[in-house]
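Computed from a predicted model, the values in this text were never measured in an experiment. We use all heavy atoms of the structure for the numbers below, so side chains are in, but hydrogens, waters and symmetry mates are not.
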Amino acid sequence: MGEHALLFSLGVIFYELLAGQHPYGDITQLLQTKTISIQETEASDKLTKKIWQLLTAMMKYFPEERLPSADEALQALDELLRV
């Protein structure tokens with residue numbers, strides 16, 4: 001599994017931990033349209049804008065649209081935790 005796939009998976013896990021549900025309502029839509037429609041919930045409203053942006057960047061459908069590396073994701077997460 002490549003680094004981009006791991007970033008995607010980690011983004012999904014973080015979303016589930018923070019929002020309490022899976023980020024996609026219908027995985028069929030993801031497979032058919034190759035676009036991600038992340039479900040916004042009351043729980044996701046509790047997430048700060050920067051956390052939401054980080055998760056979205058990690059869960060882009062196309063690998064080339066995701067964060068370029070795990071190091072960048074870690075740096076962004078570290079900055080969020082310092083605030």
Side-chain angles (χ1 to χ4, degrees):
M1 185 181 289
E3 187 172 18
H4 287 290
L6 291 173
L7 283 173
F8 181 88
S9 299
L10 188 58
V12 171
I13 291 168
F14 281 161
Y15 181 96
E16 289 177 333
L17 287 171
L18 295 170
Q21 67 180 39
H22 195 277
Y24 314 110
D26 183 6
I27 196 73
T28 305
Q29 178 228 0
L30 170 67
L31 297 173
Q32 290 175 347
T33 65
K34 296 184 178 166
T35 58
I36 293 177
S37 178
I38 298 171
Q39 288 186 332
E40 293 195 33
T41 66
E42 288 181 29
S44 67
D45 292 339
K46 296 176 187 173
L47 302 177
T48 68
K49 184 177 181 179
K50 290 184 179 193
I51 291 174
W52 187 252
Q53 289 171 339
L54 175 60
L55 292 177
T56 301
M58 293 172 74
M59 294 188 293
K60 296 283 187 182
Y61 184 83
F62 295 104
E64 62 273 8
E65 294 177 358
R66 291 183 206 138
L67 290 174
S69 69
D71 287 335
E72 189 171 320
L74 182 59
Q75 180 181 0
L77 185 59
D78 185 50
E79 289 173 14
L80 290 171
L81 294 175
R82 290 177 189 253
V83 175

Report summary line: I13 meets the side chain to side chain contact (heavy atoms under 4.5 Å, CB included) criterion, sequence neighbours left out, with L17
Report summary line: side chain to side chain contact (heavy atoms under 4.5 Å, CB included) filter on E65, not counting sequence neighbours, yields K60, F62
**Report entry** Flag side-chain contact, heavy atom, 4.5 Å: L54 against K50
**Finding:** no
Query raised in the report: Sequence neighbours excluded, which residues qualify as side chain to side chain contact (heavy atoms under 4.5 Å, CB included) partners of P68?
Result: E72
Requested in this report: Measure the spacing between CG of L67 and CD of E3 and express it to the nearest 0.5 Å.
Outcome: 10.0 Å
Query raised in the report: NE2 of H4 to OG of S9: how many Å apart, nearest 0.5 Å?
Result: 13.0 Å
Report task. Could you list the residues that satisfy side chain to side chain contact (heavy atoms under 4.5 Å, CB included) with L10, not counting sequence neighbours? Result -> F14, M58
Report task. Say whether L6 and L74 are linked into one hydrophobic cluster, either directly or through other cluster members, by side-chain heavy-atom distances under 4.5 angstrom. Result -> no
Requested in this report: Drop me the distance from I51's CD1 to L77's CG, to the nearest 0.5 angstrom.
Outcome: 8.0 Å
Requested in this report: For residues L7 and A73, report the shortest heavy-atom separation together with the two atoms involved.
Outcome: CD2-CB, 3.7 Å
